[in-house]
Structures are given as C-alpha cells and as structure tokens.
S.K.: 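This structure is in structure tokens; I'll ask about it shortly.
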Amino acid sequence: GNSLMSLKGIIGSLAGLVLVIILFYSFSGEEDVAGYVSKIRDERDKKDQFMRSEDSPLGAARANFQGLKYFEPDIRYRVDADLEPIQKKNVVVLPTSTGEENSYLEYAWASFTWEGKQQRLLLLEIMAAGPNRGKLFLAFADETSARETYGAGRYIDVNKTPGASTITLDFNLAYNPYCAYSDNFSCPFPPRENVLTFAVNAGEKNYH
C-alpha cells in the first residue's frame, strides 16, 4: 500500500510541476511577445530619426516628414523557414525602377508554410562591386503590393549563416526601397519567384 501511496504522491507532484512549467512558459511567452513588440517599435523610432537626418533619402523634403506608416507588429509574421542552398547557381538579372539591370547570383531557397500553403522565397547574392558584394538580397511582393504597401515590392535584410539549415524571416521588419520616397534612386524589383500568394499584413506600408 505504501508504495502505491508514494507513487500517487510522485504523480501528484509531477502534475504540479508540469502545471508550473506550463504557467512559466505561457507567462514568459507573453513577456517575450511584449519584449519583441517593443523592440520592433524601437527599430521604427530609429528609422523615423534617420528619415529626419541629413542622410535621409527624402533630401530637402525631410522638413515635411510626418513619420513612416506600418502595420501593427504581429509575431505570427516572424517565420522560421527551411534553407535549401542552391548547388548550381545561375545569374539572375533584375530590372530596376530606373530601367537599369542588376545582376545577382542565386544563393538559396527559404521555404515555409503559411496557413497550410507552401511558400518559398529566392535569396540572392549581390554581385556588383562595392561594399555590399557577396551580401544577401531578399525582395518580395505579395497581395498587399500596390494597395497598402509599395507597388514595387519590399525588402527584408537577411544575413549569411554558413551551414545553417533554417533562417528566420521577419516580415515585421519588411521595409520599402528608397524609391518609395524619391525618384532619385534606382531600386531592383523582386524576382518573379518572390511574389507571395498571401497578404503580408506586416512591416512598412506605402509612404505616399
């Protein structure tokens, strides 16, 4: 009888422990989301400061700058994607807003599931000489493009992590190319592979 009682006691304390763990994770999860949202807001404040600075892509028009427009931060749009390196890398030529062409090298596919549908984005490597040579470039369009968001697509910054099999794509950090603010810039359009079949209600909205 004693061993059964002690077993019940162990099971009881285990159940209590499991409950404590669940509560801990749900509370720390909520705090994580709050911390994440405040980080996104800080980034946005910094961007607004930059837009008011001497280096602003707005040039003299920065005197009338009222702040950039965004979707509310939503942690669902921070997705973990599988990274599939491309072995036979082809050169991809993207037209730009000024009618020029920029050359890139295929780097990898980033694949993820959104609401049950498979999505994938092509990550490119910058080939042009200069400080950005060899860095990754990710431009995409989606069902908000030319409506709530800039018609010629948006960008997400991603870094090379050699050997990684996954990559985090945070659409809350999606931003407009400089062309969205001024015609003085030349911005590459997204490759046709990167037109997503859902509305990315996250990140930066149209400026004008």
S.K.: Answer yes if L122 and I126 sit in the same cluster of Ile, Leu, Val, Met, Phe, Trp and Tyr residues linked by side chain heavy atoms under 4.5 Å apart, and no otherwise.
M.R.: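 Result: yes, single cluster for both.
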
S.K.: Kindly compute the distance separating NZ (K39) from CG (D32), expressed to the nearest 0.5 Å.
M.R.: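 Interatomic distance, K39 NZ to D32 CG, rounded to 0.5 Å: 9.0 Å.
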
S.K.: If you define the side chain from C-beta out and look only at heavy atoms, does anything of L105 sit under 4.5 Å from V91?
M.R.: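 They are in side-chain contact.
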
S.K.: Evaluate whether atom CG of D183 has more than 12 neighbouring non-hydrogen atoms of other residues, nucleotides or ligands under 6.0 angstrom away.
M.R.: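 No.
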
S.K.: For the side chain of D142 and the backbone of V200, is there at least one donor-acceptor N/O pair under 3.5 Å apart?
M.R.: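 Between the backbone of V200 and the side chain of D142 there is a qualifying donor-acceptor contact (under 3.5 Å).
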
S.K.: Taking T144's backbone N and O only, do any of them form a donor-acceptor pair with T149's side chain (distance below 3.5 Å, no angle check)?
M.R.: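 Side chain of T149 to backbone of T144, a donor-acceptor pair under 3.5 Å: yes, one is there.
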
S.K.: Identify the residue among D157, N194, L124 that makes a side-chain contact (heavy atoms from CB on, under 4.5 Å) with L138.
M.R.: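 Passing option: N194.
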
S.K.: Please report the interatomic distance OH(Y207) to OG(S182), rounded to the nearest 0.5 Å.
M.R.: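 The OG atom of S182 is 10.5 Å from OH of Y207, to the nearest 0.5 Å.
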
S.K.: Give me the atom names and distance for the closest heavy-atom approach of R41 to P73.
M.R.: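 Taking every non-hydrogen atom into account, NH1-CD, 3.8 Å.
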
S.K.: Among the clusters formed by ILVMFWY side chains lying less than 4.5 Å apart, do V33 and L169 turn up in the same one?
M.R.: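 No, V33 and L169 fall in different hydrophobic clusters.
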
S.K.: To check you understand the geometry: which heavy-atom pair defines the closest contact between A202 and F71, and what is its length?
M.R.: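 Of all heavy-atom pairs spanning A202 and F71, the closest is N-CD1, 3.2 Å.
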
S.K.: Answer whether the closest heavy-atom distance between the side chains of F65 and D48 falls below 4.5 Å.
M.R.: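 Result yes, sub-4.5 Å side-chain heavy-atom pair found.
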
S.K.: Could you tell me which non-hydrogen atom of G67 sits nearest to which non-hydrogen atom of R52, and how far apart they are?
M.R.: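 Heavy atoms only, the tightest pair is N-NH2, 4.5 Å.
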
S.K.: One pair to check against side-chain contact (heavy atoms from CB on, under 4.5 Å): F171 and D74. What are the steps and the verdict?
M.R.: CA-CA 9 Å; F171 291 102; D74 183 345; over 6 Å; no

S.K.: What verdict does the side-chain contact (heavy atoms from CB on, under 4.5 Å) test give for F137 and Y107, after you've listed the backbone C-alpha separation in whole Å, the side-chain angles of each residue and the deciding distance to 0.1 Å?
M.R.: CA-CA 9 Å; F137 176 70; Y107 179 74; over 6 Å; no

S.K.: Establish whether F198 and F140 are linked, either directly or via other cluster members, by ILVMFWY side-chain heavy-atom contacts under 4.5 Å.
M.R.: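 Yes, one cluster joins them.
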
S.K.: List the steps, then state whether side-chain contact (heavy atoms from CB on, under 4.5 Å) holds for K160 with E125.
M.R.: CA-CA 10 Å; K160 276 184 188 171; E125 200 174 307; 3.4 Å; yes

S.K.: Minimum heavy-atom separation for G35 to S38, with atom names?
M.R.: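 Between these two residues, the closest heavy atoms are O-OG, 3.1 Å.
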
S.K.: Are any side-chain N or O atoms of E204 and backbone N or O atoms of N176, one a donor and one an acceptor, separated by less than 3.5 Å?
M.R.: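 Present.
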
S.K.: What distance separates L173 CG from Y70 OH, expressed to the nearest 0.5 Å?
M.R.: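 Nearest 0.5 Å value for the CG-OH distance: 9.5 Å.
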
S.K.: Looking at side-chain heavy atoms only, is the closest gap between W114 and T197 below 4.5 Å?
M.R.: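 W114 vs T197: side chains apart.
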
S.K.: Can you give each donor-acceptor pair under 3.5 Å made by side-chain atoms of residues 80-87, sequence neighbours left out, with the distance rounded to 0.1 Å?
M.R.:
| from | atom 1 | to | atom 2 | distance (Å) |
| --- | --- | --- | --- | --- |
| D80 | OD1 | T168 | OG1 | 3.0 |
| E84 | OE2 | S111 | OG | 2.7 |

S.K.: Can you tell me how far the CE atom of M51 sits from the OH atom of Y181, to the nearest 0.5 Å?
M.R.: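 Nearest 0.5 Å value for the CE-OH distance: 4.5 Å.
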
S.K.: Without swapping roles, check the side chain of R78 against the backbone of N172 for a donor-acceptor pair under 3.5 Å.
M.R.: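 No, the answer is negative, given that no donor and acceptor are paired below the 3.5 Å cut-off.
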
S.K.: Under 3.5 Å, side chain of E148 to main-chain N/O of K205, donor-acceptor pair present?
M.R.: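 Checked: no pair found.
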
S.K.: Is the backbone of M127 close enough, under 3.5 Å, to the side chain of R133 for a donor and an acceptor to pair up by distance?
M.R.: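 Checking the backbone N and O of M127 against the side chain of R133, a donor-acceptor pair under 3.5 Å is found.
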
S.K.: What's the spacing between N90 CG and E106 CD if we round to 0.5 Å?
M.R.: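 One finds 4.5 Å between CG of N90 and CD of E106.
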
S.K.: Say you draw a straight line from CG of N159 to NZ of K135; how long is it, rounded to the nearest 0.5 Å?
M.R.: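 Rounded to the nearest 0.5 Å, the CG-NZ separation comes to 8.0 Å.
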
S.K.: Check whether any side-chain heavy atom of Y178 sits under 4.5 Å from a side-chain heavy atom of S97, and report yes or no.
M.R.: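 A side-chain contact is absent here, since even the closest heavy-atom pair is not under 4.5 Å.
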
S.K.: Report yes if some heavy atom in the side chain of P190 is under 4.5 Å from a heavy atom in the side chain of V195; otherwise report no.
M.R.: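 Of all side-chain heavy-atom pairs linking V195 with P190, none is under 4.5 Å.
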
S.K.: Hydrophobic cluster membership, with links at side-chain heavy-atom distances under 4.5 Å among I/L/V/M/F/W/Y: are V92 and Y155 in one?
M.R.: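 V92 and Y155: one cluster.
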
S.K.: For a quick test of reading the model, state the closest non-hydrogen atom pair linking S53 to R62 and the distance between them.
M.R.: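 So the minimum-distance heavy-atom pair works out to O-CD, 3.1 Å.
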
S.K.: What do the steps show when you test Y150 against N206 for side-chain contact (heavy atoms from CB on, under 4.5 Å), and what is the final call?
M.R.: CA-CA 5 Å; Y150 185 53; N206 241 330; 4.0 Å; yes

S.K.: Hey, does P57 have a side-chain heavy atom less than 4.5 Å from the side chain of F50?
M.R.: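 Yes - at least one pair of side-chain heavy atoms lies under 4.5 Å apart.
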
S.K.: Out of curiosity, does V37 fall in the hydrophobic cluster containing I40 (side-chain heavy atoms, cut-off under 4.5 Å, transitive links)?
M.R.: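 Per the 4.5 Å side-chain linkage, I40 and V37 are co-clustered.
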
S.K.: Please tell me if the side chains of T113 and V79 come closer than 4.5 Å, counting only heavy atoms from C-beta onward.
M.R.: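 No, side chains not in contact.
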
S.K.: For atom CD of Q118, is the number of surrounding heavy atoms from other residues, nucleotides or ligands below 6.0 Å larger than 12?
M.R.: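 For Q118, atom CD is crowded (more than 12 foreign heavy atoms under 6.0 Å).
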
S.K.: Does any non-hydrogen side-chain atom of Y36 lie less than 4.5 Å from one of D170?
M.R.: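 Side-chain contact under 4.5 Å: yes.
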
S.K.: How close do G153 and P177 get, counting heavy atoms only, and between which atoms?
M.R.: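 Closest approach of G153 to P177, heavy atoms only: O-CD, 3.4 Å.
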
